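Chain identifiers are assigned alphabetically (A, B, ...) following the order of the sequence lines, protein sequences preceding nucleic acid strands; residue numbering begins at 1 within each chain. Computed from a prediction, not measured in an experiment: that's the story for all the values here.
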Amino acid sequence: MKSDINIKKLKEFAGQSVTLNGWVYNKRSGGKVRFIILRDGTGLLQCVLFKGNVSEDVFERFNLLNQESSVQVTGNVKVEERAPGGVELDVTDFSIIGNSENYPITPKEHGIEFLIDHRHLWIRSKRQMAILRIRHRIVKAIRDFFDERDFTLFDPPIITPNACEGTSTLFETEYFDLGKAYLTQSGQLYAEAGALALGKVYTFGPTFRAEKSKTRRHLTEFWMVEPEMAFYDLNDDMDLAEEFLEYIVQTVLKDMQTELAALERDVTKLQKVRRPFPRISYTDAVEILRKKGVDFEWGNDFGAADETLISEDYDQPVLVHRYPSEVKAFYMKRDPDNPKVALAVDVLAPEGYGEIIGGSQREDDYDLLLKRIKEHDLPVEFFDWYLDLRKYGSVPHAGFGLGLERTVSWICGLEHLREAIPFPRMIYRNTP
RNA sequence: UCCGCGAUAGCUCAAUGGUGGAGCAUUCGGCUGUUAACCGAAGGGUUGCAGGUUCGAGUCCUGCUCGCGGAGCCA
């Protein structure tokens with residue numbers, strides 16, 4: 001049944017007879033010539049039936065095909081300028097494997113609600129296939145990047161006893177006799193333990209936020225990669241983030257040209273993502289906002305519109321560092337030169353895509369960390385193990401988190417995060 | 001949680017308070033190179049729900065439900 005030949009590598013088989021498995025993406029017909037656009041997951045292929053070249057039986061069988069019928073097609077591979085992709089299949093025979101009556105997603109426009117309701121079928125469309133393939137390539141680039149730099153993949157727990165950063169609203173569940181437990185909002189605290197064991201680690205998995213966010217930049221379930229490195233300070237952390245982003249973007253540009261073209265992505269914007277990236281302090285960013293006429297008070301966090309204003313003058317991602325410690329998490333180390341700011345960095349993507357990375361150097365002093373935990377009214381007993389990391393061979397260390405869907409969204413040029421993940425989870429939707 | 005917008009055929013949309021239409025999809029017919037093919041025909045409707053105003057409501061008013069966009073929070 002299986003075929004080792006697919007549409008992506010069909011050019012290598014020019015002049016040969018091959019058998020392909022797939023689905024009918026679309027069909028068209030003339031009087032004596034009929035076309036099947038075949039989809040097999042690796043690409044689209046125009047298959048041609050000439051009356052006379054095939055038996056009457058096969059020619060008439062064409063009428064039984066519908067959009068998304070599954071088929072096995074045999075024919076000769078022909079180089080053909082008129083066909084999209086440069087090759088087409090001159091069909092000699094085909095059989096229908098599964099029917100598909102009244103396929104809901106027609107080759108016309110649909111509203112977003114309808115498409116999301118049919119997400120399980122929507123992912124068969126050209127655009128969605130391109131996005132999901134780029135997502136896969138980004139995931140592979142992320143893993144390659146860290147694996148090649150002596151990082152160890154370190155999987156943190158998903159069920160946790162406490163709110164990691166004490167800020168977000170979390171998904172809650174009953175955990176046997178131990179009371180309430182929560183779905184993780186970040187693997188970072190555990191990654192710190194990993195970094196002090198293995199030197200350099202990264203976590204990569206789903207995280208959950210029960211915030212009632214209702215914007216194109218939020219999902220309740222999303223994937224995050226979080227490297228954490230012992231003996232790294234904030235500058236080392238920013239250097240790594242820069243190199244990391246450049247690597248991801250340039251890898252996708254090199255390997256995913258077909259998919260980027262299918263999305264009509266302006267790749268000249270991505271080509272400019274080369275180091276060094278601009279680095280500005282939070283205080284500088286506030287000045288930029290004020291010069292642009294925003295009445296912004298030092299000490300507040302940036303909103304989405306502010307982020308766009310800060311990043312719009314640059315082609316590369318912008319690293320904004322040293323935020324007021326009040327708006328940042330308890331575990332971030334304060335700047336010894338200015339205790340009002342934390343050694344934190346956010347990376348703002350170009351083209352208004354906003355924050356894709358948030359990171360910091362961590363507080364490595366036992367007493368200061370304990371003080372912060374108390375100041376934030378966090379339950380100290382849950383942080384005993386975390387404080388231990390500062391008790392037994394504490395070192396300066398740093399890390400950051402990259403939101404996978406936001407990165408996919410930026411690189412693909414998407415309007416909304418919901419297209420960047422196979423089955424998006426949002427405040428008013430947990431199906432299909 | 002707050003602000004704004006919307007719900008009409010399977011889908012995308014139109015319809016001055018006065019007989020609810022079009023394109024796509026579906027079915028049938030035509031065409032030897034189509035590129036969201038094209039041409040012709042047919043079938044397809046409790047206008048989100050409940051109430052109100054009116055001789056008459058898809059259209060105006062009130063309430064509700066659901067959805068979309070944005071804010072806040074954040075990746």
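- No contact: A/Glu221 has no heavy atom under 4.0 Å from any strand.
- Residue contacts shown for A/Asp301 are limited to sugar-phosphate atoms, with no base heavy atom under 4.0 Å away.
- Looking at heavy-atom distances under 4.0 Å, A/Thr407 makes no contact with the nucleic acid at all.
- Base-pair partner of B/U54: not found among the strands shown (Watson-Crick or G-U wobble, both distances under 3.5 Å).
- A/Gly303 comes within contact range of the sugar-phosphate backbone alone, with a heavy-atom separation under 4.0 Å but no base atom that close.
- The distance between the ring centers of A/Phe151 and A/Phe145 does not fall below 6.0 angstrom.
- Which of B/A75, B/C74, B/C68 sits closest to the side chain of A/Leu417 comes down to B/A75.
- The same atom, P, is picked in B/C66 and in B/C60; the two are 23 Å apart, to the nearest Å.
- Listed nucleotides B/U12, B/U26, B/C24 differ in distance to A/Thr106; the shortest reach to its side chain belongs to B/C24.
- A salt bridge links A/Arg265 with A/Glu351: at least one charged nitrogen is closer than 4.0 Å to a carboxylate oxygen.
- For the 3.5 Å distance criterion, the side chains of A/Gln361 and A/Tyr232 fail to qualify, holding no donor opposite an acceptor.
- You'll find that the side chain of A/Glu307 is closest to B/C74, out of B/A71, B/A75, B/C74.
- Rounded to whole Å, the P atom of B/C38 lies 30 Å from the corresponding atom of B/G20.
- Between A/Phe222 and B/A75, a base-stacking contact is recorded: ring centres under 5.5 Å apart, planes less than 30° from parallel.
- Pairing for B/G72 is absent, with no Watson-Crick or G-U wobble pair whose two atom distances lie under 3.5 Å.
- Two residues, A/His218 and A/Pro104, neighbour RNA chain B, and the one matched to the more 5' nucleotide by heavy-atom proximity is A/Pro104.
- When heavy atoms are screened at a 4.0 angstrom cut-off, A/Phe35 is found touching base atoms of the nucleic acid.
- Residues A/Phe208 and A/Phe222 place their aromatic rings such that the two centres sit no closer than 6.0 Å.
- When each of A/Val48 and A/Arg429 is assigned the nucleotide of RNA chain B bearing its nearest heavy atom, the one mapping closer to the 5' terminus is A/Val48.
- The gap from the C1' atom of B/G17 to that of B/C55 amounts to 12 Å, rounded to the nearest Å.
- To the nearest whole angstrom, the two P atoms, one in B/A7 and one in B/U47, are 15 Å apart.
- Geometrically, A/Arg290 does not engage A/Phe296 in a cation-pi contact defined by less than 6.0 Å to the ring centre and at most 45° from the axis.
- Taking the C1' atoms as reference points, B/G23 lies 23 Å from B/U19, given to the whole Å.
- B/G43 is unpaired under the Watson-Crick or G-U wobble criterion, no partner having all donor-acceptor distances under 3.5 Å.
- The partner of B/G67 is B/C5, by the rule that a Watson-Crick or G-U pair needs both atom distances under 3.5 Å.
- Out of B/C73, B/G69, B/U34, the shortest distance to the side chain of A/Glu211 is found at B/C73.
- Contact between the side-chain N/O atoms of A/Arg209 and the OP1/OP2 oxygens of B/G72 is not found at any separation under 4.0 Å.
- Aromatic ring centres of A/Tyr103 and A/Trp23 lie farther apart than the 6.0 Å criterion allows.
- A gap of 35 Å separates the P atoms of B/U12 and B/C31, to the nearest Å.
- The gap from the C1' atom of B/U26 to that of B/G18 amounts to 33 Å, rounded to the nearest Å.
- Judged by atom type and distance alone, A/Glu415 does not reach the base of B/G69 through any side-chain donor-acceptor pair under 3.5 Å.
- When each of B/C74, B/U34, B/U26 is scored by its nearest atom to the side-chain atoms of A/Asn66, the top-ranked nucleotide is B/U26.
- We find that CZ of A/Arg34 is positioned 13 Å from C1' of B/U34, with the value rounded to whole Å.
- The gap from the P atom of B/A9 to that of B/G45 amounts to 11 Å, rounded to the nearest Å.
- In this structure, A/Leu402 reaches neither bases nor backbone, as no heavy-atom distance under 4.0 Å exists between it and the strands shown.
- In this structure, the separation between CZ on A/Phe62 and SG on A/Cys47 is 10.5 Å, given to the nearest 0.5 Å.
- The nucleotide whose nearest atom lies closest to any side-chain atom of A/Phe50 is, among B/G69, B/G33, B/U34, B/G33.
- Using N1 to N3 plus N6-O4 or O6-N4 for Watson-Crick, or N1-O2 and O6-N3 for G-U wobble, each under 3.5 Å, B/C38 pairs with B/G30.
- If you measure from atom CD of A/Glu68 to atom P of B/A25, you get 15 Å, rounded to the nearest angstrom.
- Taking a pair to require two hydrogen-bonding distances under 3.5 Å in either a Watson-Crick or a G-U wobble arrangement, B/U12 pairs with B/A22.
- Between A/His118 and A/Phe114, the two ring planes are tilted [angle within 30° to 60°].
- Residue contacts for A/His118: at a heavy-atom cut-off of 4.0 Å it reaches no nucleic acid atom on any strand shown.
- For a distance-only test at 3.5 Å, the side chain of A/Gln46 qualifies as a donor-acceptor partner of the base of B/U34.
- Residue-level contact check: A/Ala305 touches neither bases nor backbone, having no heavy atom under 4.0 Å from any strand.
- If you check B/U59 for Watson-Crick or wobble pairing at under 3.5 angstrom, you find it has no partner at all.
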